[in-house]
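What you see below is based on every heavy atom in this structure, not just the backbone, and it leaves out hydrogens, waters and symmetry mates. Reminder, nothing fancy here: chain letters follow the sequence lines and each chain counts from 1.
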Amino acid sequence: MRDLPEPADLLDWYDTHARKMPWRIGPAERASGHRPDPYRVWLSEIMLQQTTVAAVKDYFLRFTTLWPDVHALAAARDEDVMGAWAGLGYYARARNLLKCARVISEDLKGAFPDTLPELLKLPGIGPYTAAAISAIAFDRPETVVDGNVERVMARLFDEHTPLPASKPILTEHAARLTPTQRPGDYAQAVMDLGATICTPRNPACGICPWRIPCKACDMGTAAGLPKKTPKKPKPIRFGTVYIARRVDGAVLLERRPDKGLLGGMLGWPGSDWSENETPPHDTPIRAEWKTLPAEARHTFTHFHLRLTVKTALVPMDRTARVGDFLEQADFRPSDLPTVMRKAFDLMREG
DNA sequence: AAGACGTGGTT
DNA sequence: TAACCAAGTCT
């Protein structure tokens, strides 16, 4: 009969191997009963959704410098927050981040809820993030289940049912293991284990603190778990964007509608994007358009995009049919979502 | 409830 | 290089 994994063994490992991150507090501080700032926990967890730690770090530092607390963020201008988020992806997160900040600042007087039901009411906070905030910021014994935890549980218990069907089973395993002692540290420890040792490929079972009780390690099946139902192939879509530069250096941009792809972000005016061919469309302003020799290629979650980029230099007095001119001094390419920045970079090169 | 929703790094 | 993957949420 195999022993169940011991949370204490994982916590011991965490005490010596925890990675330093800007949103974490040090072990000494933790030992003296301090908790991390809920605002920073919340912000980091939203940024970390489907996003790597490495990609988040600089954004987190920028956000906390610009907006040190939830009131500052709530008071920010939408376009400043969307611009600061540009490049991180999943832009609904940024829109919900602002909505959530304003609810907490105005309705809750700046106090983050500490319970699951209250947290789940807030925009952008789902089951994972609610548990993470409750556990990490308030040290409550909630169970976090992210991709790391799913993988660790699938291996610990050698679960071969493919995701997402197996999610309830894996969640149940995870809940059974969650300790009442140091639940916040434990939550981060399981995720750190998944990120550094129990990795998707080439798991380092030899140095794993849970090697002994791990059923998949025992069976030699760890590398192939968790199983996942195969994904659908991505279709290719085609479209055209128009980069108009006025003689004074201003550029023609539009603010995309809040719903849908790249919602709330700046972008070059252009056609819709569809499979097989670029849909019929009008140019955003009358000009002598030149087509760049290369197309901008970009891959989204569910399709590949090939963008034809057309450019023109337009005189001062010409009126745009779509979008607004942004003065050169107010235009930062870093405010653009990556696909739009790619189109811009293509123009600079060509 | 299955699909929409970004991006960059790794293999 | 194409596919896979990352601390998910919303509709």
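- Against DNA chain B, the stretch residues 265-277 of chain A makes no heavy-atom approach under 4.0 Å.
- Heavy-atom distances under 4.0 Å link DNA chain B to Gln50(A), Thr51(A) of residues 49-65 of chain A, given in residue order.
- The side chain of Arg201(A) sits closest to dC4(C) out of dC5(B), dT7(B), dC4(C).
- Backbone-only contact: Gly260(A) has heavy atoms under 4.0 Å from sugar-phosphate atoms and none from a base.
- Comparing dA6(C), dT7(B), dG8(C) by their closest approach to the side chain of Lys228(A) singles out dA6(C).
- Against DNA chain C, the stretch residues 113-130 of chain A makes heavy-atom approaches under 4.0 Å through Pro123(A), Gly124(A), Ile125(A), Gly126(A), Pro127(A), Tyr128(A), Thr129(A).
- When distances run from any side-chain atom of Pro200(A) to the nucleotides dC5(C), dT7(B), dG8(C), the shortest one goes to dC5(C).
- Residue contacts for Arg24(A): at a heavy-atom cut-off of 4.0 Å it reaches a base atom on one of the strands shown.
- Relative to the side chain of Asn96(A), the nucleotides dC10(C), dG8(B), dC5(C) differ in distance, and dC10(C) lies closest.
- In terms of heavy-atom proximity, Val81(A) sits nearest to Ala94(A) at CG1-O, 4.5 Å.
- Side chains of Ser271(A) and Thr240(A): a donor-acceptor N/O pair is absent below 3.5 angstrom, by distance only.
- Projected onto DNA chain C by closest heavy-atom contact, Thr301(A) and Lys259(A) fall at different nucleotides, the more 5' of which corresponds to Thr301(A).
- Of the candidates dT7(B), dG6(B), dA6(C), dG6(B) carries the atom nearest the Arg93(A) side chain, counting heavy atoms from C-beta on.
- Ranking dC5(B), dC10(C), dT7(B) by closeness to the His302(A) side chain, first place goes to dC5(B).
- Nearest-nucleotide positions on DNA chain B place Lys232(A) closer to the 5' end than the other of Leu88(A) and Lys232(A).
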Run the numbers on Leu156(A) and Trp210(A) for side chain to side chain contact (heavy atoms under 4.5 Å, CB included), then give the verdict. CA-CA 8 Å; Leu156(A) 278 180; Trp210(A) 272 349; 3.6 Å; yes

